[in-house]
Structures are given as structure tokens and as C-alpha cells.
Amino acid sequence: MAKIKSLIISAVLICVSILTPLTAQAAEASYYGALHVKGADLVDKHGDPVQLRGVSTHGIAWFPEYVNAKAVKSLKKTFHANVYRIACYTDEYGGYCNGGDKKSLEKTIDTGVKAAVKNDMYVIIDWHVLNEHPNPLDHKSDAKKFFKKMSKKYAKYDNVIYEICNEPNGGTSWSDIRKYAKAVIPVIRKNAPDSVIIVGTPTWSQDVDKAAEHPLSYKNVMYAFHFYAGTHHADLRKKLTAAHKKGLPVFVSEFGTCDASGNGGFNKKESNAWIKLLDSLNISYVNWSLCNKAETASIIKSSCKKTSGWKKSDLTQSGKWLYQMLRKY
């Protein structure tokens with residue numbers, strides 16, 4: 001009996017010695033501490049390359065119900081996402097600079113940031129420049145005030161990433177974006193000197209080649225690259241690869257599985273080709289979008305009214321693909 005008891009104790013001790021390092025490693029992998037940019041890579045507090053994978057909200061003035069603690073928990077626990085992007089439009093859909101309720105929008109952002117902290121995730125505060133004023137210089141003054149407030153409020157949060165201009169377009173040049181970035185980045189740096197900042201690039205954040213030719217001189221800055229698998233194919237992948245080879249730190253802060261319109265067919269083949277490339281280059285990516293809008297890009301079915309706790313049957317084709325893809329990691 002004593003011999004059997006001894007064998008049992010030995011077996012338990014062996015299991016503990018094996019499992020303890022794995023548990024510690026898993027805990028470390030779930031949260032990388034304050035992130036930094038090193039060369040073309042996003043790195044953790046130890047300087048090791050990391051990759052963020054997650055989901056973006058739609059415009060928070062339009063779909064604020066998806067910014068809640070349970071929704072973020074579902075993204076973390078069910079989808080295995082480690083980053084959550086909060087899209088604050090500047091003009092459209094009751095945007096921050098176009099008659100939107102600023103206090104309500106800021107409260108929604110705060111809810112999202114705190115939910116991300118609670119769930120051990122990174123969070124992107126996205127200044128969603130898009131159609132009505134595609135040049136970020138148009139709202140430079142508002143942007144400076146906004147990011148001054150955000151960076152001051154979240155100065156001690158090491159999980160907050162600032163995206164200062166979503167998709168410059170309409171002929172906006174890289175020179176224009178540089179001028180805008182040079183006005184906004186110092187405002188953030190005053191309060192959050194080491195935070196990661198994502199800067200949009202021309203042509204709906206596709207022309208990373210232009211940024212690679214003349215990057216900004218600030219540290220911990222990354223450059224946005226956006227694609228929609230139904231519209232953007234091999235030629236754009238070549239552009240991204242070339243910019244990465246030049247050492248440009250790229251962050252895919254928005255991508256879709258369909259046409260650039262947000263609709264059209266779900267394109268599984270091209271979506272998989274994009275993810276294969278991004279994984280090979282260790283580039284982080286965020287999918288558009290967490291809502292039940294009746295369009296292909298949405299991950300929740302329009303018939304589903306749940307704002308958290310989704311089952312696979314609640315997901316669209318895009319949502320099911322995202323669920324399966326993220327859970328691999």
C-alpha cells in the first residue's frame with residue numbers, strides 16, 4: 001500500500017513539474033505587456049515579435065450595443081481574439097465631428113477600453129476618417145482635442161493603441177497625412193510617450209509603398225494597411241510584401257472577407273490567401289465588423305439580436321470563417 005501511495009505521489013509531482021511551466025507560458029502568451037515597434041515588427045515587453053488578431057466594431061454611433069463587457073468577453077473566450085478595435089467615425093453615422101453626441105461616444109469608448117482591460121486584451125481607439133472628409137487635415141483641430149483627451153485619460157493603460165486616421169482617400173497625399181500625423185502624434189506622446197500609434201496611408205490605407213519611401217521619424221509608429229478579399233488580390237499582396245521588406249511596420253487594422261463595399265460574395269479563397277501572407281510576415285490584423293448589419297462583412301446574422309454570447313448558428317459566413325480562423329491560434 002505504501003509503495004502504491006508513493007507511486008501516486010511521484011506521478012502527481014511529475015505532472016505538476018510538467019504543467020506548471022506550460023500554464024505560466026500560456027498566461028504570458030495571453031498578454032504581452034506594453035507593446036513596442038522594433039524594425040518591421042510589433043514586439044512585446046521582452047522585445048519578442050507578437051501578432052494581434054481580432055475584431056473591429058462598426059461605427060459606435062450606429063451600433064453602440066456591441067460595445068459591452070460581455071461582447072468583449074465573447075470575443076476573447078469564444079473567438080480567441082486578443083485585440084478589439086473601437087471605430088469612432090468622424091463624419092458619417094452621427095460622427096464625432098458632424099453633430100454626434102461626443103459625450104455618449106466617449107462613454108462608449110470608455111466602456112470598450114475598460115472591457116478590453118478586464119478581458120486581458122489590447123484595444124484600438126480608431127479615429128475613423130472615411131468618406132465625407134477623406135483628408136484627415138479637415139478635422140485636424142478636432143483630432144488633436146480628441147487624442148489629447150484620450151491619451152490623457154488612458155495614459156497609464158499599456159493595452160491602448162491609437163489609430164489616428166482610418167482611411168485617407170479622395171486624392172489625399174502621403175504628404176498631407178505626414179502633416180496631419182506630425183500635428184497629432186506629439187499630442188499623444190505628451191501623455192503616452194511609449195504608446196503604439198497607427199497611421200493611415202493613402203487610397204483607403206492601401207498605399208503603404210508611399211509610406212515606406214518616406215516614413216515618419218517617430219518611434220512606436222505603425223502604418224495601416226486595409227484590404228477586402230473580394231476586391232483586393234495578389235497585386236496588393238505584392239505591394240504589402242514589398243513595403244514590409246523595406247522595413248515598414250504594418251498593421252492591418254481593418255480587413256473584410258468580401259468586396260470593399262462591405263457586400264458582394266464571401267471570398268474564402270482570397271481571405272485564406274491574405275491570412276497566410278499576414279501570418280508569414282507576422283503582421284497583426286483586425287476583421288470588420290462586429291455587428292448584425294445586413295451586409296456580407298458583418299459577423300453576426302441580421303436576424304440575431306444578441307449582443308454577446310453568440311453561437312455558431314448566430315454567425316454569418318464571414319463570422320463562421322473568422323471564428324474558425326481565430327480559434328486555430
Side-chain angles (χ1 to χ4, degrees), residues 29 31-32 34-56 75 79-85 87 121-124 126 159 161-168 177 195-213 215-216 218-229 231-257 260 267 269-289 321-322 325-329:
Y31 187 63
Y32 304 110
L35 301 176
H36 300 88
V37 178
K38 183 179 179 181
D41 287 316
L42 185 64
V43 301
D44 66 10
K45 59 186 178 183
H46 302 297
D48 297 322
V50 299
Q51 190 179 23
L52 301 186
R53 307 177 184 91
V55 186
S56 175
L75 294 177
F79 284 78
H80 294 181
N82 60 6
V83 62
Y84 176 64
R85 181 181 186 238
M121 293 173 68
Y122 294 91
V123 59
I124 300 171
D126 162 38
N159 67 324
I161 296 170
Y162 301 95
E163 184 172 5
I164 65 173
C165 50
N166 166 61
E167 289 185 352
I177 298 169
S195 61
V196 173
I197 296 172
I198 302 172
V199 180
T201 54
T203 317
W204 292 278
S205 285
Q206 293 169 33
D207 293 345
V208 285
D209 53 329
K210 294 179 180 177
E213 292 171 3
L216 294 157
Y218 303 98
K219 67 176 185 178
N220 292 336
V221 167
M222 305 192 80
Y223 300 85
F225 180 84
H226 294 178
F227 69 87
Y228 279 78
T231 301
H232 307 120
H233 305 140
D235 55 337
L236 209 58
R237 286 195 284 274
K238 289 180 181 178
K239 180 184 284 193
L240 172 61
T241 302
H244 183 269
K245 284 183 178 179
K246 285 187 175 182
L248 192 75
V250 175
F251 196 118
V252 176
S253 54
E254 181 180 319
F255 80 92
T257 62
N267 195 319
K269 180 181 178 181
E270 285 293 326
S271 295
N272 287 338
W274 274 107
I275 296 303
K276 182 178 180 180
L277 175 64
L278 298 179
D279 285 347
S280 72
L281 300 178
N282 197 51
I283 292 176
S284 299
Y285 45 84
V286 180
N287 179 255
W288 182 271
S289 69
W321 173 86
L322 181 70
M325 184 271 289
L326 290 179
R327 284 184 65 84
K328 292 189 304 182
Y329 302 100

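Predicted, not measured: the structure shown is a model, and the values here were computed from it. The basis for the numbers below is simple: all heavy atoms, side chains too, and nothing from hydrogens, waters or symmetry mates. Along the sequence shown, residues carry numbers from 1.
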Heavy-atom side-chain contact between Met222 and Val37 under 4.5 Å: yes
Side-chain heavy atoms of Ile177 within contact of Cys165, under 4.5 Å: yes
Minimum heavy-atom distance between Gln206 and His226, given as atom pair plus value: CG-O, 3.6 Å
Nearest atoms (heavy-atom pairs only) where Leu35 meets Val196: O-CG2, 3.6 Å
Non-hydrogen side-chain atoms of Arg237 and Glu270 separated by less than 4.5 Å: yes
Gln51 side-chain N/O to Ile283 backbone N/O, donor-acceptor pair under 3.5 Å: yes
From Ser271 atom OG to Leu322 atom CG, the distance as rounded to the nearest 0.5 Å: 10.0 Å
Where Val83 and Arg53 come nearest, the two heavy atoms and their spacing: CG1-C, 3.5 Å
Asp279 side chain to Tyr329 side chain, donor-acceptor N/O pair below 3.5 angstrom: yes
Ring geometry between Trp321 and Phe255 (parallel below 30°, tilted from 30 to 60°, perpendicular above 60°): perpendicular
From His80 atom NE2 to Leu326 atom CG, the distance as rounded to the nearest 0.5 Å: 9.5 Å
Side chains of Lys219 and His36 in contact at under 4.5 Å (non-hydrogen atoms): no
Leu278 side chain reached by Phe227 side chain, heavy atoms, under 4.5 Å: yes
Heavy atoms of other groups near Lys239 NZ, more than 12 under 6.0 Å: yes
Spacing of OH belonging to Tyr32 relative to CG belonging to Asn82, to within rounding of 0.5 Å: 6.0 Å
Identified side chain to side chain contact (heavy atoms under 4.5 Å, CB included) partner of Ile197 from the options Ile164, Leu216, Ile161, Asn220: Ile164
Heavy-atom donor-acceptor pair, Thr201 side chain to Ala224 backbone, under 3.5 Å: yes
Heavy-atom pair with the smallest gap, counting every atom of Met121 and Ala81: CE-O, 3.7 Å
Over all atoms of both residues, closest heavy-atom pair of Asn166 and Ser205: O-OG, 2.7 Å
Val221 side chain near Tyr223 side chain, heavy-atom distance below 4.5 Å: yes
Asp41 side-chain N/O to Val43 backbone N/O, donor-acceptor pair under 3.5 Å: no
Nearest atoms (heavy-atom pairs only) where Gly256 meets Asn287: CA-ND2, 4.3 Å
CG-NE2 distance between Leu240 and His232, expressed to the nearest 0.5 angstrom: 12.5 Å
Separation of Lys38 NZ from Asp48 CG (nearest 0.5 Å): 7.5 Å
OH on Tyr84 to CG on Leu75, rounded to 0.5 Å: 7.0 Å
Glu254 and its side chain to side chain donor-acceptor pair (under 3.5 Å) partner, picked from Trp288, Tyr285, Tyr228: Tyr228
Check: Asn267 and Trp274 side chains under 4.5 Å, non-hydrogen atoms: no
